[in-house]
Amino acid sequence: MRKQDVDYSLYLVTDSTPAILGDKDICQVVEAALKGGVTCVQFRDKKSETGALIETARKLHAITQKYHVPLLINDRVDVALAVECEGVHIGQDDMTLATARKSLGQDAIIGVTVSTIEELDTACRGGADYVGIGTVFATPTKDDTKHIIGIEGVQRMLFYLSASKFKVKSVCIGGINATNASEVMWQSMAKQKSLDGVAVVSAIVAAADPEAAAQDLMRLVKTPPAFATHVRAEEQYRSAEILGLVPEIIRTVHEKKPLSHNMTNLVVQNIAANVALNVGASPIMANYGEEAKDLAALGGALVVNMGTVTPEGLENYLKALKAYNEAAQPVVFDPVGAGATEVRRAATKRILGAGYIDVIKGNQSEIVSCTPDGAKLQQRGVDSGPTGTDFDVAKLSGVVRDLATLRKNIVVMTGTTDYVTNGKTVYAIGNGHEYLGMVTGTGCCLGTTISAMIAAYPQDKLAATIAGLLHYEIAAELAAERDDVRGPGTFVPAFLDELYRIRMATVVGDLAWLKRAK
Ligand code: 3NM
Ligand code: MG
C-alpha cells in the first residue's frame with residue numbers, strides 16, 4: 001500500500017482501559033471495526049510493558065493486513081519497528097517528528113497531533129503525512145487534553161492548510177460520535193482542503209457492537225446532515241460557507257442596529273417589536289404608507305405582513321413597497337393566510353405584481369398561493385394549511401425553487417423542516433420547536449427577524465436569511481428546554497431572553513448555540 005493512497009475516512013484509535021474496552025478482546029474489536037469499514041487503525045496503549053505491546057501489535061497487524069488497512073502505533077517507534085507495521089502517531093509531548101522519520105524512513109506513515117496553528121505549521125514543515133486535529137469536543141477518553149478547539153478550531157486549521165503548499169492529510173479527534181460525525185465533516189469543509197476523515201476511540205471501542213458502530217459512523221461521515229439535503233455536490237461549499245457567515249451577520253445586526261419597518265397586523269405588533277429589539281434591530285411599527293419614503297432613507301428593511309389586510313392597508317403596503325424599491329432597500333413579504341379568502345388572494349397578487357420583493361416568507365399553503373398556478377388553493381385559517389401529506393418533500397422544494405427562480409429572490413417556506421432557496425439550491429433547516437406553533441405571531445416575527453438580517457447584511461441575502469432562521473429557531477429550542485418554561489405561555493418571555501442571549505453570546509464569540517444548526 002502506497003502511503004499517499006491511505007484512506008483516512010474512519011480512523012480507529014484503540015484503547016485498552018477497562019472503562020472503554022470493557023471485557024471485550026482488543027483484537028476482536030479491531031477486526032469487527034474493520035469489517036464495519038474502518039480505514040485506518042492506531043494502536044494506542046499507554047500502560048502495557050514493551051513485550052506485551054509488541055505481542056498485541058503483532059496480532060493486530062496480522063488482522064489489519066487482511067483488510068489492507070494500515071496499522072500505526074501511538075508514540076512507540078520501537079514497537080512499530082519490531083512489528084514492521086506502517087507507521088506511528090506522535091503527540092506533542094512525544095519524540096520529535098525528525099527522530100521518528102530517521103528511524104522509520106520515508107515510506108513510513110507518520111501522523112502528528114496538533115491543536116494550534118503553530119503546531120500544525122511545524123508538523124507540515126517537518127514532513128508529517130497527516131495531522132490529527134484536536135481536541136474537537138471535550139471527551140472522557142482523554143481528560144488531559146490541552147485545548148478544546150471546537151469545529152471553529154478545525155476550520156481555522158483547514159483554512160491554513162488550504163492556503164499553504166502542504167499536501168498533508170487531516171483527521172479530527174475528540175468526542176466524535178454518531179451524533180456529530182456528519183456535522184463535523186460537513187462544517188469542516190474548506191474550499192480547497194477539507195477534512196479527510198474523523199478519528200474515534202470510544203464511539204467504536206466502547207460500543208456493544210463495534211462492527212455496527214463503525215458501519216454507522218462510516219455512513220455518517222459520507223452523508224451530509226439534514227441542513228444540507230437537496231444540495232448538489234458542487235454547491236456543498238456554499239452551505240459550509242453560509243454557516244461560517246452566520247456569526248458575522250448576527251454581529252453586524254448588533255453593530256448596525258438596522259431599522260426594521262413593520263407594516264404588520266394588529267395581533268403581533270407588540271411581540272414583533274420585542275423580537276426586533278432582541279435580535280438587535282431598531283423596530284418601527286408604521287402602517288401609514290406616506291411615511292415609508294422617509295423611513296426607507298434610513299437604510300433599514302420593510303416587512304409587509306398582510307395578516308389583517310384592509311383596502312386602505314393594501315394601498316399603504318403598495319406605497320411602502322414602491323418607496324423601498326426606489327431607495328433600493330430590502331423588502332420581506334409575509335403573505336399571511338394568502339390562500340384563505342378571495343380578498344387575500346387578490347391582495348397577494350397585487351403586492352407581488354407591484355414591485356420587487358427580496359424575501360417571501362410563508363407556510364406551505366401561503367407559499368403555494370404565491371405561485372402563478374397556486375392561486376386557487378383553499379386555506380382554512382391563517383395557522384393552517386395543507387399538511388405535509390399533501391405535498392411530498394421533493395415537490396415542495398420544487399415549488400419554492402420555481403417561485404424563487406421566477407421572482408429572482410429568496411423564498412422561505414416554514415414548517416417542521418424549513419426550506420430556503422435562492423432558486424438554485426434549496427436549503428433544508430430542521431431547527432425550531434413546537435411551542436412556536438402554539439403562540440400567535442411567531443411566524444410573523446420570523447419575517448421581522450429576517451428583515452433585520454438582510455438590512456444589516458444586504459451583500460448576501462441568502463446567508464442573512466438563513467442566519468435569521470437559525471438565530472430564531474435555535475432560540476426557540478433553548479427557551480423550550482429551560483426549567484422555568486412550562487408551556488407556551490412561559491415560553492414567550494423565555495424566547496425573547498434567548499433571542500437576546502444568542503446575540504450577546506455571538507458578539508463575544510461564544511458560538512455553542514450554533515452547534516445546534518441542523
Ligand atoms: N487524542 P473519543 S482526544 C486519543 O485531542 C485522543 O489529541 C486526542 O477519544 C487529542 O473518540 C483523544 O472517545 C481521545 O472522544 C478521543
Ligand atoms: Mg502521544
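In each ligand, atom 1 is the first atom listed, and ligand 1 is the first ligand listed.
Of the possible donor and acceptor atoms, none in the side chain of E31 sits under 3.5 Å from a partner among the backbone N and O of C27. Side-chain atoms of R58 come within 3.5 Å of backbone N or O of A82 as a donor-acceptor pair.
Ligand 1 has at least one atom lying under 4.0 Å from a heavy atom of R44. At a 4.0 Å cut-off, not a single heavy atom of G132 sits close enough to ligand 1 to count as contact.
Between V253 and R503 there is no side-chain heavy-atom pair separated by less than 4.5 Å. Side-chain contact between L161 and S164 is present, with heavy atoms from C-beta onward closer than 4.5 Å.
Atom 15 (O) of ligand 1 has its nearest heavy-atom neighbour, among D144, I204, V114, T139, in T139. Counting only non-hydrogen atoms, the option in S202, A138, A206, G174 that gets closest to atom 3 (S) of ligand 1 is G174.
In terms of N/O distances under 3.5 Å, ligand 1 is not approached by T145. Polar contact check, T141 against ligand 1: a nitrogen or oxygen pair lies under 3.5 Å apart. At a 3.5 angstrom cut-off on N or O pairs, A199 does not count as close to ligand 1. Distances between N or O atoms of T113 and those of ligand 1 include no value under 3.5 Å.
For T50 and R76, the side-chain atoms include at least one donor-acceptor pair closer than 3.5 Å. A donor atom on one side chain and an acceptor atom on the other are not found under 3.5 Å apart for N422 and K461.
With respect to atom 1 (N) of ligand 1, the closest heavy atom belonging to the protein is K142 CD, 3.5 Å.
Using a 4.0 Å cut-off between charged side-chain N and carboxylate O, K47 and D15 make no salt bridge. Salt bridge present: R482 and E498 bring a charged side-chain N and a carboxylate O closer than 4.0 Å.
Residue V200 approaches ligand 1 through these ligand atoms, each under 4.0 Å from one of its heavy atoms: 11 (O). Atoms of ligand 1 lying under 4.0 Å from any heavy atom of G175, numbered from 1 in the order shown and given with element: 2 (P), 15 (O).
Proximity of T135 to ligand 1, defined as any heavy-atom pair under 4.0 Å, is shared by backbone and side chain alike. Contact annotation for V201 and ligand 1: heavy atoms of both the backbone and the side chain come within less than 4.0 Å of the ligand.
Using bins of under 30°, 30° to 60° and over 60° for the plane-to-plane angle, the ring pair H89/Y11 lands in the perpendicular bin.
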